[in-house]
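Worth knowing before you read on, the calculation uses all heavy atoms, side chains too, and leaves out hydrogens, waters and symmetry mates. The structure presented is a predicted model; accordingly, all values stated were derived computationally and were not measured. Below, read A as the first sequence line, B as the second, and so on, with proteins coming before strands; counting in each chain starts at 1.
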Amino acid sequence: MEYNFTEIEKNWQKFWSENKTFKAEVDKNKPKFYVLDMFPYPSGAGLHVGHPLGYIASDIYSRFKRLNGFNVLHPMGYDAFGLPAEQYAIQTGQHPAITTDVNIKRYRQQLDKIGFSYDWDREFRTCDADYYKWTQWAFTQMFNHYYDNKTNKAESIESLISEFEKNGNSNVNAVCSEPEIFSASEWKQKSENEKQEILLNYRIAYLADTMVNWCSALGTVLANDEVKDGLSVRGGHPVEQKKMRQWSLRISAYAERLLNGLDTVDWTDSLKEMQRNWIGKSQGAEIHFDLSPTLSKGKGARPEYMTTDAHTWLGVKEHVVENRKNSTEAEAFLWKNLKGKKLGYKIRRQHAIDKFIADFVCLEKKTIIEIDGIYHDFQKEQDEHRTQILTELGFSVIRFKNEEVFANPEKVLAEIKSYLDAKVLPFGEDLGGVGFTIFTTRPDTIFGCTFMVLAPESELVDKVTTTEYKSAIQEYILETKKRTERERMADVKKVSGQFTGAYAINPFTKTEIPIYISDYVLAGYGTGAIMAVPAHDSRDFKFAKHFNLPIIQVVAKAGETETDPQTWEDSYDSKDGVMINSGVITGMTVKDAVNHIIDIIENEDLGTRKVNYRLRDAIFSRQRYWGEPFPVYFKDGLPQVLDLKNLPLELPEVDKFLPTEDGQPPLGRAKKWSTEEGFPFELSTMPGFAGSSAYYLRYMDPKNDKELVSKDANNYWQDVDLYIGGTEHATGHLIYSRFWNKFLFDLGLVCKEEPFKKLINQGMIQGLSEFICTISGHKMGTQNITTLFDFYWLNGIKNIVDCNGNNINAEVFYSAEIAEEAFNNIAEVTEKCKLLKFNIPIYYTSNHKLVEFSKFKLWRDLDSPSTSIFVCKNGYWIVKGNSVEWIGDQNIKGDFHTIPVVEKMSKSKYNVVSPDNNYDSEGNLIQEGVIEKYGADTLRLYEMFLGPLEQSKPWDTQGIDGVHRFLKKLWRLFFDNNGTFQVSDEPATKDELKILHKTIKKIKEDIENFSFNTSVSAFMICVNELSDLKCNKREILSDLIVLVSSFAPHISEELWNKLGNKESISFAKFPEFKAEYLVENSFLYPISFNGKMRFSMDFPIDATIKEIETVVLNDERSQKWLEGKAPKKVIIVPKKIINIVF
RNA sequence: GCGGAUGUGUCGUAAUUGGUAGCCGAGCUAGACUUAGGAUCUAGUGUCGAGAGACGUGGGGGUUCGAGUCCCUUCAUCCGCACCA
């Protein structure tokens, strides 16, 4: 009986599916094991041979665990929302739900052919409303929680509100956007909207203004990698930096826990390193720098709004309160339009300054606004006197008459605003006093800080820049604004910057140091400002050199003395060394100095110890259609979330998948996109990572309509024991889902803080592309072709150009080996010529040769069918439509070589190999699949045989025959020469048992170490050896087939069944390894002389070292190798080696 | 620039973790069976050498009785991060 894999595989796949063989249920009598593959996005191209690599590995492991008595959860589903489907929808008008469904069906069909042991009853898609209900629900939970630094977990917003009501927020230590201290009574006085506004600063899911890449032509925010040279990669539309109100997730609150959690999981070091890198923790200090000259009276003495002393305040307090009550009509009118930062500046009224009371004051701009009524007319002289004093204090006064206010209030407000906008305080007092704060990880080098640099986008820039430098600064900012963050990163080498005119004072050296702005400082990191230490930071060094700024060495390499930094080629950035020129810390090591200086900084109130993270909050809005709608509506412009009972909020239908005319996201086109009360819903949708962040939890309990996952299911399945997938998710999905899980953990909804216990990154299977060569600008007239190439034949390649015809309608291709030569010769004549190499579909080639000339031709020029010439070494092919003619030596028809290149397997490179048959749009077979040709078991084994799982390798079917032969050989063990199934019930021999148990041991160890490639060769060795012994003993084959079943389940089921078993082999028991079968009674020792192996000798296992030594030394071969010398030493390692040293 | 990984026949790879380098498969060569072979089987196949033997795990050095494996150094390739203060 032949090994008919097609039949066998079809039958068993049907059997598994009908019998739900791999259905997993909570079973508390069995230990659980959860094996998960990373969520696939079902692309239109279907599966290629690279995708199943990880799936096969996880499937082998799942089946292995089942055989070992575990209750295995092994599910599969689809990450179905996403951009490609939507782009396709925009192009074709097809609803993304339809294309996604088609793609998923194709995926499923392909997956089914490979024989995976998934529990298909748990399958779901992220775009199912039943599923995204829980994505939306999780979002509402994030909205309803804040991160408390005291309990170090997420806590409910209700508890925060009740704390506000009791004590205000001064005792609250929460992760928060803009802390502003208020008391309980102040909280209670706030309007509902004001309260909501404040709460948004605390919520884990929050709405805030964020800088984004906005592309108005595409109507969406773009990620950095979607923008190049200020244009969108797709379409080439201009992209601008824009502040937009976006949903974000406060993932930064979890930075420390995300970092620490890495120590508890079994992932590869490289992956953990990537995450650590992404989180980017750095420890250092925030240090306050005063501006020079300092006008403030002292640091940290009083809040800035207290602009008078306590004594005076008590004296004027009554007047202030009185005035506020009895404000004039004009004042009241103005106040209505000034309060609450209506002009963009905080304005206070009836505010005491020195011993005066100002009508209105803007402290950050040191500006007083006076309304002169009749009352004031009597006091004109006094007012002038008062103005004088206030001016001395640094305030300026603008005045308006009552009548002005009434006659043209708009004009008055506009004047106030433009006055405030224009006013630049020379010494930065409006920064909240007297200077600004920087973050550094090297506070020890502060004595070497000789200048400061601000990020161009920093809010501080406007405030420090002196009038003189204003235009230069603005010019510089404009320049940098044009470039995206990405571009800035790209040309690191270019040094640019601009002096602001302002100086700060180094708090330790007390010297005045200039303040610059430069785009090498990022607004988003730290405080957007740095202290520059050119001697010990290469970027600062370059900057100092460029602008000729002083460089002071403060760290010397251990054992070296001070040198002149002016002579340096580069800075000394290392933390190895001893402090010099550094006041009290001179002589300390860098490590000690860092700690010591921070202590001083804290004691003297110059700053604080500080930990900084690179991890930023995740922007969660997309102006897109094909994603989860936010369960959010807006009431008075403020967001409210829907209750669970109103979820899911289903994605509405729209007429087009494009933004609306007025630039709203596609959901703006939905007919009724508002609550029943008429409050509008959010128009953005969630990003790709939303749906994939908690899917592993949902698999535990996929049909539950009451909760994401039941307590029962979660307590049983707990976490993913083995997670297999590609590295591409290292910093995206794997950070987000860890965050998401930790959040749910804080809420007590899941029992494990880390979701993925062990994680393996399978290597990529690359494609083997084929390139064809042609030369641009070099086409020839058809009528010349024959003569041309006869000529070419006679004269060699270089004469091709002599016949450069004028009727251009033939394209010439060159076989790889002559392309270069041909090109070189053509280039002599026409300089415009270029050697072109481009990808061609690999299925027109075979063994790196073009074979399907006419098919290639058809593919190549659909638009202009013409003649093509394929120049080979000893002639050429002329191809016209279906006619292919060889011109040249008829005895040796030329091979037309293409150039093989290993690249990523991708549709655009035409190098995709799918596991099953590949048909064109008309249904013609264009590429035979491995599954059809060899069967799924061969595919599974071969993918594993290719090499270590983690390693990337190009797909190459050379060698697949060997694996297929192995399966046939295995099959033959069960049949006699006539093809009749025949298994002997005789007891196995010692040798047979030894072979079997050697294999059991090896397979068990290999699977546990995920070393599947070596298991496959172990199987081969085993079957080879059994074949040599002509072994057909049931005792041996029965165990062997169980071993194989994890790898090649179909053939195993078939043979298992033929052995007379009624149940699926999945319910068999993994054979037990018995060491006694491997016990040998002798060992063949390799005998080396001075470490070089010369011959080997057999000794009984219980021979003593003494006995062995005597026998070996007396052997005549030993005498020969010793060359008559006496051995100095004889090393005998039992059951290992014998080495004789002489 | 920083971090990580890898480097072994013609190719994919293996090596009991410091103990006979090249298992298994492919390819190639020769042969058997056969009407035929993309079937099956047998033998050979690291390099040099007629041979004995010598050399051989990117290069150089070291530790060791013994190194593909450990240490130092250097080169190459791949991947990740990258003005992160």
Would you tell me if any nitrogen or oxygen in the side chain of [X] comes within less than 4.0 Å of OP1 or OP2 on [N]?
| X | N | answer |
| --- | --- | --- |
| Arg965(A) | A26(B) | yes |
| Asn1013(A) | G25(B) | no |
| Thr441(A) | C84(B) | no |
| Arg972(A) | C41(B) | yes |
| Arg614(A) | C83(B) | no |
| Asn1139(A) | G19(B) | no |

task: Give me the ring orientation class for Phe547(A) and Tyr516(A): parallel if the planes are under 30° apart, tilted from 30 to 60°, perpendicular past 60°.
output: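 Rings of Phe547(A) and Tyr516(A): tilted, as their planes differ by 30° to 60°.
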query: Above 12 or not: heavy atoms from other molecules or residues under 6.0 Å from NZ of Lys953(A)?
result: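 It does: Lys953(A) NZ has more than 12 such atoms within range.
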query: If you count the non-hydrogen atoms of other residues, nucleotides and ligands that lie under 6.0 Å from CG in Asp1028(A), is the total more than 12?
result: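 Yes, enclosed.
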query: Does a distance-only test, which skips hydrogens and angles, find a donor-acceptor pair under 3.5 Å between the side chain of Asn277(A) and the base of C81(B)?
result: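 Donor-acceptor pair under 3.5 Å: no.
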- request: Rounded to whole angstrom, note down the P distance from C71(B) over to G19(B).
  value: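 Taking atom P in both C71(B) and G19(B), they lie 15 Å apart.
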field: Partner nucleotide of G80(B) by Watson-Crick or wobble geometry (both distances under 3.5 Å)
entry: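 For G80(B), the partner nucleotide comes out as C2(B), under the 3.5 Å rule.
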